[in-house]
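Computation of the quantities below employed the complete heavy-atom set of this structure, encompassing side-chain atoms and omitting hydrogens, waters and symmetry-equivalent molecules. Since the model is a prediction, treat every value here as computed from it, not as a measurement. Convention: sequence-line order gives letters A, B, ...; per-chain numbering from 1.
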Amino acid sequence: MSSRLSYYLQRSVRFLSPAPPVIANRYPRLHYVLRVTEAAGYFLLFGHLFLTYGFSYTGTWGLSMLPSIASSGDFVLISKFYRHGRGLEIGDLVTYKHPYHGDQGVYGIKRLVGLPGDFVLRDSPGAKEGVMIQVPQGHCWIVGDNLPLSRDSRMFGPIPLGLITGKVIAKSQLFGRDFEWMKNPLQDVADDMHDEEDETL
Amino acid sequence: MSPILTGRVLYQCAKTSIFTTAVAIFANDNLFEIVSISGMSMTPALSPDHNTSGTQDWIVLWKMQPTNNIKRGDIVSYLSPHDVDKIVVKRVIGLDGDTVLLDQRRRSAMPPEKQRGWDSWGGKCVVPYGHLWVEGDHWRGSLDSNHYGPIPKSLIDGRALGLVWPWSRFGQTPWTQYRSKTRVIEGIAVCPKEWEL
C-alpha cells in the first residue's frame with residue numbers, strides 16, 4: 001500500500017516540476033520565441049494589474065488645477081488603493097472617470113471637497129444665492145483649484161464614488177525630475193489654535 | 001529533507017497559483033464576470049423564484065466597453081450610486097437624449113419619504129448626454145433611476161450576455177422578450193457645447 005502511495009506522490013511531484021519540453025531541443029528558435037512571448041505575456045498581465053490596482057504615472061494637461069498642477073508638462077503618480085473613495089479625506093487630489101465622457105476613457109483630476117453627508121457651497125463663493133447643499137450618500141463633491149476655469153461639481157453636480165479611480169500622491173516633471181509629494185494642504189482648525197497659544201506664552 | 005515538499009515544488013505551486021489568480025482577476029475585470037441576482041427587482045426575467053424557494057439566477061456579464069452599442073432593453077450591471085460596495089443589475093430603459101415619462105405605478109409602491117424624490121422630477125426626465133435611465137422590471141420594489149435619476153455611462157460595469165444557472169436555462173436571454181411599460185420618447189444624444197472635449 002505504501003509503495004502505491006509513494007508511486008502516486010512521485011508522479012505528482014514530477015508533474016509539478018516538469019522537465020524542459022522536448023521542443024527546446026528540436027526547435028531552439030521556436031522555443032526562444034515561445035519563451036519571449038511567455039515573458040511578454042507575464043509582463044503585460046502583471047503590468048496591467050499593477051497599473052489598475054497599484055500605481056500609475058501619467059501626464060496631465062488642462063488649466064483647471066492651477067497652480068497645484070501646471071497646465072501641461074506635469075506628470076502625476078496616482079495611487080489606485082483609493083479607488084471608489086476608500087480612505088479619502090477632504091483636500092485630497094482625486095482622479096475620476098468623467099461623468100459625461102468617462103465611457104470614452106476620459107479621466108480628470110480635481111480636489112475632493114465634500115464626502116457623503118457633508119454640506120458644500122453649490123456655486124462659486126460670491127456667485128448666485130450662495131446655496132449650500134448636502135452631498136447625497138454614496139457621492140462626492142469635487143472642485144478644481146482654478147475656480148474661474150474649472151468645470152467640476154459646481155457644474156455637473158455630485159458624482160458617485162464609483163467613478164473615483166485613485167488619488168494623486170506625487171507629481172514631477174518628465175523622467176521624474178523635480179519630484180515632490182502632494183500633501184493634503186488642509187489643516188485641522190485645532191492645530192492653528194494650538195500654535196497661537198504657544199506664541200502668547 | 002522530505003523528498004516530496006522540496007523548495008522546487010513549493011516554488012512551482014506558488015508560481016502557478018499566482019499566475020492563475022492574476023489571470024482570473026484580469027479576465028474578471030476586462031472580459032467576463034459571473035454574478036448572482038439576489039433580490040426581486042428583476043423578476044420575472046431574472047431570479048423569478050427568489051421569493052419562494054430562494055434560488056438565484058447567475059448571469060455572465062461582458063466587461064469590455066459595455067456601453068458600446070448599448071440598446072434599450074439591455075441588462076447592465078453597475079456600482080450602486082448610494083452604496084459603492086454593491087453591484088446592481090437593472091435594465092436600460094432610456095438612452096441619452098430620451099425623455100422618460102416616469103411610471104406612476106412605481107410611485108405607489110414607494111414609502112412616503114422616497115415618493116418625495118419621485119415627485120421632484122415633475123413626471124418626466126430628459127436623460128443627459130453620457131447617461132442612462134435604468135429600471136428594475138419588478139415595479140413593486142426596485143431601487144433604480146426612479147430614486148437616484150439617470151446614471152453616468154462610465155458607472156456601468158458590464159452588460160449581460162446570458163444565463164449560466166439554472167442549468168435548464170443555460171445560454172438563454174429571457175429578458176429580451178420583455179417590453180417595459182415605462183413610456184420613453186426617443187431622442188438624439190447631443191453633447192452640450194460646454195462639455196465638449
Side-chain angles (χ1 to χ4, degrees), chain A residues 5-6 8-19 38 41-53 61-62 82-86 88 96-108 115-116 135-140 151-152 155-165, chain B residues 2-16 18-30 65-68 70 77-88 96 117 128-132 147-157 189 191-192 194-197:
Chain A
L5 181 62
S6 70
Y8 281 116
L9 278 174
Q10 279 187 14
R11 286 294 296 267
S12 38
V13 164
R14 219 171 288 162
F15 172 72
L16 287 174
S17 42
E38 186 189 350
Y42 284 137
F43 179 73
L44 288 175
L45 173 69
F46 288 100
H48 180 270
L49 288 181
F50 182 74
L51 292 177
T52 312
Y53 293 101
W61 59 270
Y82 298 90
R83 269 165 40 245
H84 301 161
R86 249 195 321 229
L88 280 178
Y96 62 99
K97 282 197 214 171
H98 200 277
Y100 283 94
H101 301 287
D103 57 327
Q104 297 154 26
V106 176
Y107 293 80
L115 285 171
V135 179
Q137 60 177 134
H139 288 66
C140 62
R151 295 174 296 177
D152 44 45
M155 290 88 191
F156 52 62
I159 62 169
L161 283 172
L163 293 182
I164 303 288
T165 50
Chain B
S2 148
I4 315 297
L5 274 184
T6 52
R8 183 175 174 125
V9 169
L10 284 177
Y11 169 70
Q12 288 288 342
C13 281
K15 221 168 80 156
T16 316
I18 289 177
F19 177 71
T20 317
T21 317
V23 168
I25 296 177
F26 182 86
N28 187 295
D29 287 348
N30 296 44
Q65 309 235 325
T67 49
N68 256 11
I70 196 124
S77 78
Y78 56 95
L79 295 167
S80 169
H82 281 175
D83 182 1
V84 84
D85 298 321
K86 229 170 50 156
I87 296 188
V88 176
D96 29 2
Y129 178 79
H131 288 62
L132 299 170
H147 290 86
Y148 35 75
I151 58 170
K153 276 189 189 170
S154 27
L155 201 55
I156 303 283
D157 208 17
C191 183
E194 60 266 20
W195 289 110
E196 275 167 14
L197 292 170

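- With a threshold of 4.5 angstrom between heavy atoms, B/Asp85 does not approach chain A through any atom at all.
- The residue among A/His139, A/His101, A/Arg86 with the most heavy atom pairs within less than 4.5 Å of chain B is A/His101.
- Note that the CG atom of B/Leu132 and the OH atom of B/Tyr78 stand 10.0 Å from one another [nearest 0.5 Å].
- For the atom pair OH of A/Tyr100 and CE of A/Met155, the computed distance is 11.5 Å after rounding to the nearest 0.5 Å.
- Only the side chain of A/Leu49 comes within contact range of chain B, with heavy atoms under 4.5 Å apart.
- Both the backbone and the side chain of A/His84 come within less than 4.5 Å of a heavy atom in chain B.
- Chain B forms the most heavy-atom pairs under 4.5 Å with one residue out of A/Gly102, A/Pro99, A/Gly85, and that residue is A/Pro99.
- Proximity of a side-chain donor or acceptor of A/His48 to a complementary backbone N or O of A/Phe46 within less than 3.5 Å is not detected.
- Aromatic pair B/Trp195/A/His98: centroids less than 6.0 angstrom apart.
- A distance-only check finds no donor-acceptor pair linking the side chain of B/His131 to the backbone of B/Gly149 [under 3.5 Å].
- For A/Phe156, the parts lying under 4.5 angstrom from a heavy atom of chain B are both the backbone and the side chain.
- In terms of heavy-atom pairs under 4.5 angstrom with chain B, the leader among A/Val106, A/Leu163, A/Ile164 is A/Leu163.
- In terms of modelled atom types and a separation under 3.5 Å, the side chain of B/Asp157 and the main chain of B/Ser77 share no donor-acceptor contact.
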